[in-house]
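These notes are about the structure you will find just below.
Note: hydrogens, waters and symmetry copies are ignored here, and every other heavy atom, side chains too, is used. Keep in mind that this is a model prediction, so the values were computed, not measured. In this chain, residues are counted from 1 in sequence order.
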Amino acid sequence: MDSKLNAPALLLETKKIAQGFSLSGGKSIEILRDINIQVYENEILFILGPSGCGKSTLLRILTGLLKPTAGALAYRGQPITGPNPNMAMVFQSFALFPWLTVEKNIALGLTNSPLSAGEREKRIRHVIDTVGLEHFEKAYPKELSGGMKQRVGLARALAMEPEILCMDEPFSALDVLTTETLRKEVVDIWRDHATPVKTILMVSHSITEAVFMATRIVVLGTQPGFVRTILDNSLPFPRQENSPEFRQLSQQLHDLVTQTLMPDEPPAVSGAKPKQAAIQSIPVVSLIATIGLLEILEREKEVEVFDLARQIGKDLTHVILFVNAAELLGWVTTPGPLVQITEEGRQFIASDVNTRKKLLNGKLRQIRAFALVLQMLGQAQAHEVAEEVVLSQLALLFPQEAPNQMLRTIVGWARYAELFNFDSNRRILFLPRSEAPD
């Protein structure tokens with residue numbers, strides 16, 4: 001076993017962390033509940049869970065960027081009340097300034113450093129070499145691939161020489177081959193005793209990624225986010241995805257994630273209690289791809305979710321998002337790991353395009369997010385609402401979600417159903433003539 005695993009000093013600890021946000025009308029929504037975790041020196045700790053479970057919110061709390069509603073946070077035994085200088089972040093979106101070169105983007109991590117100019121230059125050279133950015137120092141972000149952009153983000157974080165390197169789904173925007181390469185390189189950086197990084201704290205929705213990289217895995221449940229379980233991963237490095245041990249741990253995590261994301265009792269679309277309707281999230285997936293899932297089920301009647309993931313060549317957590325979307329629309333039901341088409345689903349798939357649009361139009365009206373937009377449009381002058389107004393309402397209703405991604409999904413579904421539309425030039429949502437009230 002790697003010697004880095006033999007130093008169990010406690011770095012970061014949470015006690016009964018909770019997070020909530022207030023909504024209009026005196027209501028509130030709970031994002032995280034009773035989070036108790038410990039982060040030790042010399043480990044790679046993964047926070048694994050589905051979209052909307054509060055992973056990124058929890059990471060912001062752990063880094064001191066967000067104050068929790070309740071609970072306590074300590075670093076090496078000392079309370080944390082603000083940003084932790086011993087931690088650095090690598091973001092999913094790269095977060096690079098397009099007008100700055102690679103080396104100047106990296107230098108931003110040292111803005112408040114007491115280092116001399118010469119020491120800064122030496123450190124920047126070192127991290128550029130560490131992440132493989134040699135000869136790209138003078139390049140601008142527009143000249144880089146996604147993988148190279150993420151290397152810049154990683155180098156910027158490493159330049160701060162943090163004890164804990166935090167990564168928020170850093171590979172989710174990259175292609176498969178680039179992702180595999182960067183996963184291995186990040187593990188190699190952690191295992192290199194010459195680097196100051198003692199611990200990596202990473203948020204992910206990928207089971208394979210967690211098994212490949214993590215030494216411990218925190219699995220979060222949803223609504224609100226809570227610690228479902230914590231698993232040790234003692235597989236030796238380098239790890240082989242085709243090994244029996246790798247597959248066994250992956251299967252164990254598959255079972256946990258499936259129980260979290262596909263409960264035997266699906267959420268009700270209509271007639272739900274107000275609190276349920278307020279937190280009913282919209283899976284950020286393509287409607288056309290979800291209909292494609294329905295086509296598969298129409299042929300096979302029912303499929304195990306693991307087999308479904310293998311059939312379409314997608315990660316299990318991505319496939320479950322499509323299943324969640326189909327379940328939200330009443331097209332499938334999910335007893336255990338099975339995905340079964342419903343009578344509503346059969347009726348939809350057997351219909352022509354115009355009938356499908358009518359069926360979907362009626363269904364979307366029953367879903368809280370769509371009903372909210374329709375209400376806003378119905379009351380607005382000329383039945384038009386600015387994009388930023390809708391985004392602000394979505395942010396209040398779904399603080400655990402990315403409102404821009406959710407709005408793109410909502411608009412895509414609504415366009416198919418001819419429910420409402422979006423003008424990308426004017427940045428407004430509007431009702432089609434057939435939907436506008438007299």
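For the side chain to side chain donor-acceptor pair (under 3.5 Å) test, residues two or more places apart in sequence or in another chain that qualify with R415 are N421. With sequence neighbours excluded, no residue forms a ring-ring contact (aromatic ring centres under 6.0 Å, His included) with Y140. N354 meets the side chain to side chain donor-acceptor pair (under 3.5 Å) test with no other residue; sequence neighbours excluded. Residues forming a side-chain contact (heavy atoms from CB on, under 4.5 Å) with A107 (at least two apart in sequence, or on another chain): I124. Annotation: side-chain contact (heavy atoms from CB on, under 4.5 Å) contacts of N242 (sequence neighbours excluded): Q240, R247. For R427, the side chain to side chain donor-acceptor pair (under 3.5 Å) partners are E387, not counting sequence neighbours. E384 is linked by a side-chain contact (heavy atoms from CB on, under 4.5 Å) to A382, R426, I428, F430, counting only residues two or more places apart in sequence or in another chain. Taking the salt bridge (charged side-chain N to carboxylate O under 4.0 Å, His left out) definition, one finds that K142 meets it with nothing, sequence neighbours left out. Taking N86 as the reference, Y75, N84, E163 meet the side-chain contact (heavy atoms from CB on, under 4.5 Å) condition, with sequence neighbours excluded. Contacts of K184 classified as side chain to side chain donor-acceptor pair (under 3.5 Å), with partners at least two apart in sequence or in another chain: D188. The ring-ring contact (aromatic ring centres under 6.0 Å, His included) check on F246 picks up nothing, with sequence neighbours excluded.
The pair K55-E169 meets the salt-bridge criterion, with a side-chain N (NZ, NE, NH1 or NH2) lying under 4.0 Å from an Asp/Glu carboxylate O. Classification of R183 and E180 as a salt-bridged pair fails, no side-chain N sitting under 4.0 Å from a carboxylate O.
No side-chain donor-acceptor contact under 3.5 Å links R408 and N404. Using modelled atom types, one finds a donor on one side chain and an acceptor on the other under 3.5 Å when comparing D168 with S56. Donor-acceptor pairing under 3.5 Å is lacking for the side chains of T199 and E43.
Screening R365, K357, K358 against N361 for a side chain to side chain donor-acceptor pair (under 3.5 Å) leaves a single residue, R365.
Residue-environment remark: CD (Q248) stays at or below the threshold of 12 foreign heavy atoms within 6.0 Å. A 6.0 Å sphere centred on OH of Y416 holds more than 12 heavy atoms belonging to other residues, nucleotides or ligands.
Looking at R228, its side chain never comes within 3.5 Å of a backbone N or O of V219 through a donor-acceptor pair. In terms of modelled atom types and a separation under 3.5 Å, the side chain of T342 and the main chain of W331 share a donor-acceptor contact. Side-chain N or O atoms of N105 include one that pairs as donor or acceptor with a backbone N or O of F97 at under 3.5 Å. Within the 3.5 Å criterion, the main-chain N or O of V211 finds a donor-acceptor partner in the side chain of R239. Without hydrogens or angle criteria, R151 side chain to V131 main chain gives a donor-acceptor distance under 3.5 Å. A donor-acceptor pair is defined here as one N or O able to donate and one able to accept, closer than 3.5 Å; such a pair exists between the side chain of Q150 and the backbone of P170.
Atoms CG and CD1, on N233 and I217 in that order, are 5.0 Å from each other to the nearest 0.5 Å. The line from CG of L182 to CD of E209 is 10.0 Å long, rounded to the nearest 0.5 Å.
Seen from the ring of F370, R368 does not count as a face-on cation partner, given the 6.0 Å and 45° thresholds.
Evaluation of the side-chain hydrogen bond (donor to acceptor under 3.5 Å, both in side chains) test over residues 61-72, restricted to residues two or more places apart or in two chains, returns Q19-T69.
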